[in-house]
Each structure stands twice: as structure tokens, then as C-alpha cells.
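Note on naming: letters A, B, ... go to the chains in the order of the sequence lines (proteins, then strands), and numbering restarts at 1 for each one. From a predicted model like this one, the values you see are computed outputs, not experimental measurements.
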2 protein chains.
Amino acid sequence: MREREISQAVITRLPRYYRYLGELLEDDIERISSNELSKRMQVTASQIRQDLNNFGGFGQQGYGYNVKYLYTEIGKILGLDVNHNYIIIGAGNLGQALANYTTFERRGFILRGIFDNNPVMEDVTIRGIPVRMMDELKDFIAKNNVEIAVLTIPKEHATDVASHLVEAGIKAIWNFAHTDLAVPESVMVENVHLSESLMKLSYRLKQNGEHAYQKDN
Amino acid sequence: MREREISQAVITRLPRYYRYLGELLEDDIERISSNELSKRMQVTASQIRQDLNNFGGFGQQGYGYNVKYLYTEIGKILGLDVNHNYIIIGAGNLGQALANYTTFERRGFILRGIFDNNPVMEDVTIRGIPVRMMDELKDFIAKNNVEIAVLTIPKEHATDVASHLVEAGIKAIWNFAHTDLAVPESVMVENVHLSESLMKLSYRLKQNGEHAYQKDN
DNA sequence: TAGATTGTTAATCGATTAACAATC
DNA sequence: TAGATTGTTAATCGATTAACAATC
């Protein structure tokens, strides 16, 4: 049924299209051409048309794209038309910050539970959700139909916890731990390595500095 | 002086090399070949050699790479051999979580100040650092030689704050707000769009589900 | 119908992989 | 010296851009 594998680059751009279309929608803009959108998003119109046509013809010659329709369709492609239950593992600063992110709920990501291994945290509630101990994990995932686990724990425990999650039948891991996880390929992993992102910024900062220096000479 | 622009893909991989080399160093491994490293990192040996040779010949034929030396050199390339002063703007959940991230300090990123526009937060301290009001921003950046601003504020205020930062002479912005920033090209921006990362995971979760379904038929 | 703009094919560009001579 | 492994050139692969026929 699927002709060709969609490239990682395209997938990465989809949520950005979705965001821009959402803004257009808020501004009551009804239709938009690839050319107009390309100017706003700073990408080529050709790329927009190519990207969208990976998933079907959403536009109309001579008209462009209907904003609301395209927004809805991309939402479906991204799986935002259905709810996803998720849990957070690691009730530290970052875990708590994410637990308080109500924006995710609006996109259909429903926080069902928070887990930690520190007994002090037991039954502390965050946004009304009690922190549970790790021994409840497996049962909880099964009973609550949890698809996604957010990993906000130190890297030392990440490998271990990941394998528990896999055993419990988790489908996807959003990994904030500073390590790569080895899981079966049926389990999706999306890494958010914050310190690596910061290092990238540091690199570019440095390059820019040198660049500027050379210019001055 | 610089022959060719280093591609974004290479820059993104650098911190990952750095992380793996750091782990090798902790394990007291003295030398490593591109082949051995490629197995650990799940990339091709050829790519490792190509990537590194963008910055110079760090290896030795018949020997491989000296772990400690390569680690140090990549650290220099990433600008981790010098300290960078940074501030956090937005003392909400995420801002506070990042403020408590002492790992950054170890890499030479020094948190100098935290800013917010909510008077209730004034002089609340996080990790000993008082939250300041936005009217102090410009002076503070100049006086404290702040290079990097971390933006953990709602998207509504991001554009406005970004332009204040540019005026104040900030060099780089680590942007967690859900919007793109328009700044002069001399100001580096690194985006961390968490909800977009989560949507990517959602997409892959969905694909994987369909895939599995098709397999069963 | 004429004009606009898509969907899609072809051309180009860039990044990854393969191969191997250089050299430790 | 022989073996190992880099640094680097060449080949391949994939992604982006350009062009244009199809069509609303």
C-alpha cells in the first residue's frame, strides 16, 4: 500500500507545516498557495509541493491549498486526530515541567501517570496526578492503554527502564536521557538531547565569532 | 581560511561523537578505530572519517584515534573549552527545570541570571539565582557579558523579547518558544520545538501501527 | 477562455558510502 | 617489514530545486 518510505527530512518538516497552517487558520486565512507559504516559512515552494505530494494531492490547480482542509489532513497524517495516552518516568525538574505542559493535552496527548523511583515522591501529585513507584509500571501501562513513555531520568537508569518499558509493551519512547536506547525496532524512539542541542549552538556561536573576526581584517 | 562550509548534518553529529568519546574515556579506553566506533554508534566508519576530516586529521594510520585527544579536540571545535555566560528568560516550569540543570555548568555554560515579566516572581531565587524583571535585561546582558539567552516563554511574547535581546547585543538564542524567530543572521538561533518533536513521534507511532497491521494480513 | 497554481518529471546539488593509496 | 587503519578521491545515492504540462 505504501509506495515509498517517507524520508526523515519530510517527517521533520510536517509539524512545522502544521504549525504555520494553524497560525493561518487563526488569522482566518482561507486559502494559500505554495508560493505564498514558501515566503512565510522560508523554504522553496517546490519543496512544499513535493513534501505534501508524498501524502496525496491536497491542493487544487489555480487555487492553491485550502488552509483548514490541509491543516486537518496534516493533523491526521501526524496522528493528531486520535488520543494518545502517555506517562512520564522521572518526576524531577524536567519531568514536572513536562507534566505541567497542558499544550500536549490539546493535541491529544493525555498524561495518565507519573513514575519515579524515589519513595519521597510517592503520592505527591502534579497537576492532580499522583507520582507512582516503579513497581506499578508494568500493570499501569497495560491497564491504561499507555502508548508513549516520556523518559526524564538520569542516563544511568535509562537503559534499564527502557527494557522494562519494552517488556510492558510500550509503543514509543520520548527520550530525554542523555544516552541512546537499544530497543526493538517496533518501539519508536524520539530523542531530545538538550545538551547536544546546546553544543550545536555553542559551535555556531564560535564559528560566527571567527567569521566576524575575519571580516574585520 | 575556512575552505568549505561545514554541513548542518555534520554539526549535528559532532555532539554525539563527543558523547560517545566521553563514555569511552570513562571506560579508560585509550584508542579506537573508526570501524570500532562505527559499530558502537551505528553509523558507517566512512562517515566518521569523513566527518572528522572536515576539521583536520585527528587519527593515525594503523593506530586509529586516541580517545582523549579526539575528545578534547571535538570539545574545542564545539567551543566547550571556554565558558559561556547565559541567562534564562521565562521562569516558568521549563525555565526553572533548565535553571536546575547543573550539567550545563560542567560543560562551561554558566547561568548568570533569570528573567520573568511576572512581578510575583521578583527576587524568588532558583539555585541561588534571583529572578529579575525584564527592565533590567539590557543592562544585565552588557554588564555580565552574556552571550546566550534561553527563551522559555509563551510564543506570544517571543518575537518581542527576541528583538530586545538583539538590541542588547545577545549572540545566540536557545529558543523553546513555539515559534520561529526573525533575527539578524549574526545572531544564532537554535530551536527546541518540543511539541514538534512529540508530533514526529506520533507520526512514527502511527506508521508503525499500520505497518504491523499490514504485516498481519 | 485566460490566468493561476498544482502535481509531477527531470536536472541539479549535496551528502553518504565505497574504494584504495598513503603511511604509521 | 607486514598489518592495520587512516585520509581522501571517486562512485553512488538521495534530497532539493527547477521546469512545465495538466487542470482548476
Side-chain angles (χ1 to χ4, degrees), chain A residues 2-17 20-21 24 29-74 77 200 203-204 207, chain B residues 2-17 20-21 24 29-74 77 200 203-204 207:
Chain A
R2 199 139 41 108
E3 288 91 18
R4 229 179 301 129
E5 199 67 38
I6 306 293
S7 83
Q8 192 56 44
V10 174
I11 300 167
T12 302
R13 285 192 293 267
L14 279 181
R16 189 156 178 267
Y17 290 132
Y20 273 84
L21 288 162
L24 290 170
I29 294 172
E30 212 170 84
R31 68 184 191 88
I32 193 154
S33 68
S34 58
N35 199 257
E36 178 65 22
L37 189 57
S38 87
K39 279 183 211 143
R40 289 178 185 249
M41 295 187 64
Q42 314 256 49
V43 296
T44 64
S46 196
Q47 180 164 76
I48 292 173
R49 295 203 300 277
Q50 285 277 21
D51 282 354
L52 297 179
N53 276 91
N54 279 302
F55 304 97
F58 301 120
Q60 201 162 75
Q61 284 96 331
Y63 171 85
Y65 299 88
N66 179 285
V67 173
K68 180 149 198 188
Y69 174 68
L70 187 55
Y71 178 78
T72 309
E73 288 304 308
I74 295 181
I77 292 165
K200 254 164 82 177
Y203 170 85
R204 295 203 281 137
Q207 288 316 107
Chain B
R2 203 144 32 113
E3 288 89 18
R4 230 180 301 130
E5 199 65 37
I6 307 294
S7 82
Q8 191 55 45
V10 174
I11 300 168
T12 302
R13 286 193 292 268
L14 279 181
R16 188 156 178 267
Y17 290 132
Y20 273 84
L21 288 163
L24 290 170
I29 294 171
E30 212 169 85
R31 68 184 192 88
I32 193 154
S33 68
S34 58
N35 200 257
E36 176 66 22
L37 188 58
S38 87
K39 280 183 210 142
R40 290 179 184 249
M41 293 187 66
Q42 314 255 51
V43 296
T44 64
S46 197
Q47 180 164 79
I48 293 173
R49 295 202 299 277
Q50 285 277 19
D51 283 354
L52 297 179
N53 274 93
N54 279 302
F55 304 97
F58 300 121
Q60 201 162 74
Q61 284 96 331
Y63 171 86
Y65 299 88
N66 179 284
V67 172
K68 179 147 201 192
Y69 174 68
L70 187 55
Y71 178 78
T72 309
E73 288 304 309
I74 295 181
I77 292 165
K200 254 164 81 176
Y203 170 85
R204 295 203 279 138
Q207 288 316 106

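For the pair A:Asn35 CG and D:dC20 C1', the interatomic distance rounds to 15 Å; values are reported in whole Å. Atom CD1 of B:Ile48 is separated from atom P of D:dT8 by 17 Å (rounded to the nearest Å). The nearest whole Å value for the distance from the CD atom in A:Gln47 to the C1' atom in D:dG14 is 13 Å. In this structure, B:Asn66 places its CG atom 15 Å from P of D:dT5, rounding to the nearest Å. Taking atom CG of A:Leu37 as the reference point, atom P of C:dT5 lies 13 Å away to the nearest angstrom. Atom CG of B:Leu52 is separated from atom C1' of C:dT16 by 15 Å (rounded to the nearest Å). In this structure, A:Asp51 atom CG and D:dA18 atom P are separated by 15 Å, rounded to whole Å. Atom pair B:Asn53:CG and C:dA19:C1' shows a separation of 15 Å (rounding to whole Å applied).
Contacts between residues 55-65 of chain B and DNA chain D, defined by a heavy-atom separation below 4.0 Å, involve B:Gly57, B:Phe58, B:Gly59, B:Gln60, B:Gln61, B:Gly62, B:Tyr63, B:Gly64, B:Tyr65, listed by number.
B:Thr44 and B:Ser38 get closest at one heavy-atom pair: C-CB, 3.7 Å.
In the set D:dC20, D:dA10, D:dT17, the nucleotide with an atom closest to the side chain of B:Gln50 is D:dA10. Residue B:Arg31 has its side chain nearest to D:dT5 when only C:dT8, D:dT16, D:dT5 are considered. With distances taken from any side-chain atom of A:Ser46 to the nucleotides D:dG7, C:dT17, D:dA18, the minimum falls on D:dA18. Comparing D:dG7, D:dT6, C:dG7 by their nearest atom to the side chain of B:Ser34 picks out D:dT6.
Stretches of at least 3 consecutive Watson-Crick or G-U wobble pairs, with each checked distance under 3.5 Å, appear in DNA chain C as C:3-24 with D:3-24.
Looking at heavy atoms from C-beta onward, B:Arg49 lies in side-chain contact with B:Tyr65 at the 4.5 angstrom threshold. Looking only at side-chain heavy atoms (C-beta outward), B:Lys200 and A:Gln8 come within less than 4.5 Å of each other. A:Tyr71 has its side chain out of reach of A:Leu24: every pair of non-hydrogen atoms, C-beta onward, lies at least 4.5 Å apart.
Between B:Arg49 and D:dT9, a side-chain N or O to OP1/OP2 separation shorter than 4.0 Å is absent.
The cationic atom of B:Arg31 (NZ for Lys, CZ for Arg) lies less than 6.0 Å from the six-membered ring centre of B:Tyr63 and within 45° of the ring axis.
For the side-chain contact (heavy atoms from CB on, under 4.5 Å) with A:Ile6, the qualifying choice from A:Ile11, A:Asp51, A:Ile77, A:Leu14 is A:Ile11, the only one to do so.
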**Request:** Mind running side-chain contact (heavy atoms from CB on, under 4.5 Å) on B:Lys68 and B:Leu21 for me, showing each step along the way?
**Result:** CA-CA 8 Å; B:Lys68 179 147 201 192; B:Leu21 288 163; over 6 Å; no
